[in-house]
Structures are given as C-alpha cells and as structure tokens.
Amino acid sequence: MKKVLSIILSLVVLVSLAGGAAAESGREGFVNTGKLTYDVNAQVNNGDEMTLEFWVQVEVAEIYQKWCDAYTALHPNIKFNLTQGSNADHFQKLGMALPSGTGPQLFHMHNSYIDQFMANLKPYDPEIIPLDALGEDFIAVDECLYGGNLYYAGLAVMSCGVFYNTQMWADAGLNDDDIPKTWDELAQVAKKLTQYDSSGKVAVAGFNYNEMSMEYLITALNYHKGIPMFAADGRTPVFNDGFKATVQWLKDLYEVENAGSVELPMSILSFSQGTSAMTYIGTWFGNWMKQNAPDMGYSFFMLPSVDGQTPPAYDRYNIEVAPAINASVSDAEYAVINDFLCFLLANDHFVLDFSLMMYGTPTKKCLLDNAEVQSDIVLGATARHMDRLIYPGAYPESYSSALKKYFYDEVMLNHMDIDEAMGACKEEIVDALDVTGFESIENKYPHADELAF
C-alpha cells in the first residue's frame, strides 16, 4: 500500500509539472465554437468591485491563475485570490470549512467528494449556463446531474488501456497489424512477448496487471460481455458466472498461459523498468512514462473485445471536473461565479488547456478532433473510442479496493477459491455502500440497452 501511495503522490507532482507546459502553450484569449455562448463585452456585477476566494490544488493552480487573469482582463472589477493546497490538504480543509458556512466562494472539485460536499454546494445557475446548450457541447452532462442540478461539469476524461513496449514488440516480430482484436489474440501476443529465465520462470511478462490494475481490468472485461458493475437498482454489485469467468481468464493468463507472474513488480514499475512488455493501466500512465521513462518507446491501444466486434463498452471512464460553488455565497457572488464558469466552459482554449495539463481527453466535443489530442497516442485513442466508454458515476473507492483485495490479493496471491472470493467481496461492497448515497448511473450510458442489468 505504501508503494502505491508513493506512486500516486509522485503522479500529483508530475501533473503539476505538465501544467506549466500547457499554460505556456500559446493558447490565449477567449475562443468559442459551441452552443454555450459568452458575451465578453457584458458588464459584470454592475461594474462594482468584487474579490472571490478560490481554493485550488497546487497542480491546477497555474492553469486557473492564467484564466482568472484572463477573466479579470475582461472585467477589471472582478479579482480572484487563489489559495493553493496539496490534494490531501485541499479537500481536508474544504471538509472542515464548508459545513460551517466558511471557506472559499468557489473551489477546485473532484467528483469523488460529491457525497461528502453535496449539502454544502450550490448548483450552477441554468439561466447563465443552460443545460441544453452545455449538453450540445460536452459529453457526460446528464451523467453529472443530481436531482436535475449540475454541481460541476466534466472537463477531461481519464480511462484505461494497454501500454506496450515498442522495442519488445518489434523484437518479437510483431507490428501494427498484430494489435489484438480479441481476448484470445491478446493472450497469444502476450505469450510471444514473454521471456523466461533458465529455470523457466517469467523474467519479462508479456502482460502485467500486478498490484494496481486487476480490479479495473475485471470491470472493463465484464463490460465487454455486457456485465455492468451494478444491478438495475444502481447499488447491488453484480457477481455472476460471467464475472467468475472473467477472473478465471485473467488467472489463466498467468498460471496456464504463463504470460505473466505475480512475482514481478507492480505493473507500472515493471513496465517502466523493462520487465513487462504490456500492462493495462489508466491513461494517466502516459504522462507518468514521459516523466519517468522518457527514453523508452511505447505505444497504446484500447482493450480488444471478446470476439473482435464492437463491445457494449470498451471500458469505464472518470472525469476531472470544473470548480464547485460554496452554498454560502451571496446572490451577487453567485451571479459572478456563474458568469466566470460560463466564461471557462464556453472557452475552447481553457478546456483544451485544462485537459492537456491533466493529461485527459477533452469532454468538449469540438476538441475531440483537435490536432494536439489526436497526435497523442493515448488521448487520441481515448477520443476515438469515446462513444463506447461508460461513466458509472463517482462510485466509492471501497468498490475497487474490495476487488483488489479479493481477486488479486486473495485469489492470485493466496489462491482463494473464486466463488468464495466473490461472496466475500459482494458482502464487503454492500456493507460499504450502505453508508453512502451512491447510486450507479450506468443506465444513463447511451448504449445501456446492451448491458444485462
């Protein structure tokens, strides 16, 4: 666990470094090509001066300072006081300030905190940011609604996929035509890429999902078979024969096909160290590789489907989101904040800046074909598969941690029976969800009719 935390913490630092590059990209000024419009000449707050307190995480501070300054250049009477904090400090301080009616007027938000913060948030004003126009411009607007209200808007998509070492790929006699289209082809490619030591043990894994990937990989492969994370009630986790078969396939990939080994390091470390040829991990890993293994050649593809046909969904995704509003703001502050949020959301340059800084694919539809997005092997692939990526909602981390605990730690490391693991895992997830207000929104997915709820 300490190793995982250190990787995550280092990623936070690296994202902040990437932010500097985005901020200096030359994207300046307001550019709008969507349905959501913004009048750059309109007076704000009757010309009266106002200073808004804006709390941000350190890794997004530069990008928000840039666009706060751009807004102030249009409206000199409105200024922002940005306060920076680390990820942990930022949300811990918000958790103490918001319930007491104090804290900033607006703040950097993450959707995983929606249950905790909901009672202390004020929704976006639909008169200033019309939901129909927003829905024309952005994906996942309906999926972000709570009781018909929008408390944040998605800006950048993070999904998962397969990273592969291009030199190992070439050394094994593989080329672009060998990118697998089915699960069976993926297993065969993994076997070709696997290298063994003199005793027959795996020295270089063809495929590695160790320590921080299997829990997400199970969900993705289940989606390929039409198995949702949750049943029709949105709260009961689905564990069925198809789920069991998915776990067995992953187990066999290591223990029968001998294309991987739990004895190798964590997936992302093993890949960056050259002891794994392929790994399945979040798309953020592309940015991690640029910083930690800049000389290693790698490429990326989305998981192949079971039979080579378009699956119900290739994978799930999560979103980095726009700022949220403190429920205690005054009417005048509320009006200005919504004007500022409209300025950001209507501005193609801001959304692209933010997305590239976070190393995510923009949620703004007009930016999916952007040259900077499409030229990136990870972001471009995500953009091209966006229609078949599913957002299940901001489900609690307890879901993924339970899957890791029972199917990697217990099944793979301790050889627990899969049926026993499924029973214990379901019980733990149900207990964890009982203390949350979470309800899956998989049924809002455009192709939800292809899932077996």
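Contact of the N165 side chain with the M296 side chain is registered, since non-hydrogen atoms from C-beta on lie closer than 4.5 Å. D178 is listed as a side-chain neighbour of W169, based on a closest heavy-atom distance under 4.5 Å. In this structure, the side chains of Y124 and L345 come closer than 4.5 Å at one or more pairs of heavy atoms. A heavy-atom distance below 4.5 Å is not found between the side chains of D348 and N370. With contacts defined as side-chain heavy-atom distances shorter than 4.5 Å, the pair L221/L303 qualifies. The side-chain heavy atoms of V378 and F163, taken from C-beta on, include a pair separated by under 4.5 Å. Taking the side chain as every heavy atom from C-beta outward, E62 and Q65 never approach each other to under 4.5 Å. You'll find the side chain of V202 stays beyond 4.5 Å of the side chain of E263, heavy atoms only.
Counted by atom type alone, D315 and Y216 present zero donor-acceptor pairs between their side chains at under 3.5 Å. Side chain to side chain, Y223 and E442 meet the donor-acceptor criterion of an N or O pair below 3.5 Å. Side-chain contact check for D387 and H447: at least one donor-acceptor pair (N or O, by modelled atom type) lies under 3.5 Å. For the 3.5 Å distance criterion, the side chains of T182 and D184 fail to qualify, holding no donor opposite an acceptor. Using modelled atom types and a 3.5 Å distance limit, the side chains of D353 and W67 yield a donor-acceptor pair. Between the side chains of T382 and T283, no donor-acceptor pair is found at a separation under 3.5 Å.
Taking the six-membered ring where the residue is Trp, F107 and F117 present perpendicular rings, their angle passing 60° and hence far from 30°. Ring pair H108/F91 is tilted by interplanar angle, where 30° to 60° counts as tilted. Ring pair F350/Y64 is tilted by interplanar angle, where 30° to 60° counts as tilted.
Other residues, nucleotides and ligands contribute at most 12 non-hydrogen atoms within 6.0 Å of the CG atom of D241. Within a 6.0 Å radius of CG in D233, more than 12 heavy atoms belonging to other residues, nucleotides or ligands are found. Within a 6.0 Å radius of NZ in K225, other residues, nucleotides and ligands contribute more than 12 heavy atoms.
The distance from atom CG of L352 to atom CG of L367, rounded to the nearest 0.5 Å, is 5.5 Å. Note that CG of L217 and CE of M212 are 13.0 Å apart. Values are rounded to the nearest 0.5 Å. With values rounded to the nearest 0.5 angstrom, L98 atom CG is found 12.0 Å from Y113 atom OH. In this structure, N87 CG and E59 CD are separated by 6.5 Å, a value rounded to the nearest 0.5 Å. Taking NE2 from H415 and CD from E255, the interatomic distance works out to 6.5 Å, rounded to the nearest 0.5 Å. Taking CG of D419 as the start and NZ of K244 as the end, the distance is 3.5 Å to the nearest 0.5 Å.
Put simply, the side chain of S375 gets close to the backbone of E372: a donor and an acceptor are under 3.5 Å apart. Looking at T279, its side chain does come within 3.5 Å of a backbone N or O of N208 through a donor-acceptor pair. With R388 contributing its side chain and P312 its backbone, the two residues share a donor-acceptor pair below 3.5 Å. Between the side chain of H90 and the backbone N or O of V58, no donor-acceptor pair lies under 3.5 Å. When atom types are taken as modelled, the side chain of R235 and the backbone of L433 share a donor-acceptor pair closer than 3.5 angstrom. Side chain of D197 to backbone of K201: a donor-acceptor contact under 3.5 angstrom is found. The backbone N or O of A346 sits less than 3.5 Å from a side-chain atom of N32, completing a donor-acceptor pair. Judged purely by atom type and a 3.5 angstrom limit, Y391 has no side-chain atom pairing as donor or acceptor with the backbone of I319. At distances below 3.5 Å, at least one donor-acceptor pair connects side-chain atoms of T166 with backbone N or O atoms of G297. Judged by distance alone, with hydrogens and angles left aside, the side-chain atoms of N414 form no donor-acceptor pair with the main-chain N or O of M416 at under 3.5 Å.
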Show me, pair by pair, the donor-acceptor contacts under 3.5 angstrom made by side chains of residues 134-144, not counting sequence neighbours?
| residue | atom | partner | partner atom | Å |
| --- | --- | --- | --- | --- |
| D137 | OD1 | K35 | N | 2.8 |
| D137 | OD2 | K35 | N | 3.1 |
| D137 | OD2 | L36 | N | 2.8 |

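Ring centroids of F243 and F407 are separated by less than 6.0 Å, placing the two rings close together. When ring centroids are compared, F239 and Y406 stay outside the 6.0 Å threshold. Between Y209 and Y254, the distance from one ring center to the other falls under 6.0 angstrom. For Y164 and F301, the ring centers are positioned less than 6.0 Å apart. Taking the six-membered ring for Trp and the full ring otherwise, F438 and F230 have centroids separated by under 6.0 Å.
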Problem set entry | Check against side chain to side chain contact (heavy atoms under 4.5 Å, CB included), K405 and C425 | CA-CA 8 Å; K405 172 183 175 180; C425 188; over 6 Å; no
For this session: Determine, stepwise, if the pair R384 / M302 fulfils side chain to side chain contact (heavy atoms under 4.5 Å, CB included).
Result: CA-CA 10 Å; R384 291 187 292 275; M302 302 298 292; over 6 Å; no
For this session: Begin with the C-alpha distance, continue with both residues' side-chain angles, and end with the deciding distance and a verdict on side chain to side chain contact (heavy atoms under 4.5 Å, CB included) for M214 and K404.
Result: CA-CA 7 Å; M214 189 179 184; K404 178 187 180 299; over 6 Å; no
For this session: Take S398 and E428, measure what side chain to side chain contact (heavy atoms under 4.5 Å, CB included) needs, and give me the verdict at the end.
Result: CA-CA 9 Å; S398 53; E428 185 166 313; over 6 Å; no
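Heavy-atom minimum distance, V238 versus A231: CG2-N, 3.5 Å. Shortest non-hydrogen contact noted between N210 and P265 is ND2-O, 3.5 Å. The two residues A190 and F207 come nearest to each other via the heavy atoms CB-CB, 4.1 Å.
Residues passing the ring-ring contact (aromatic ring centres under 6.0 Å, His included) test with Y314, sequence neighbours excluded: H385.
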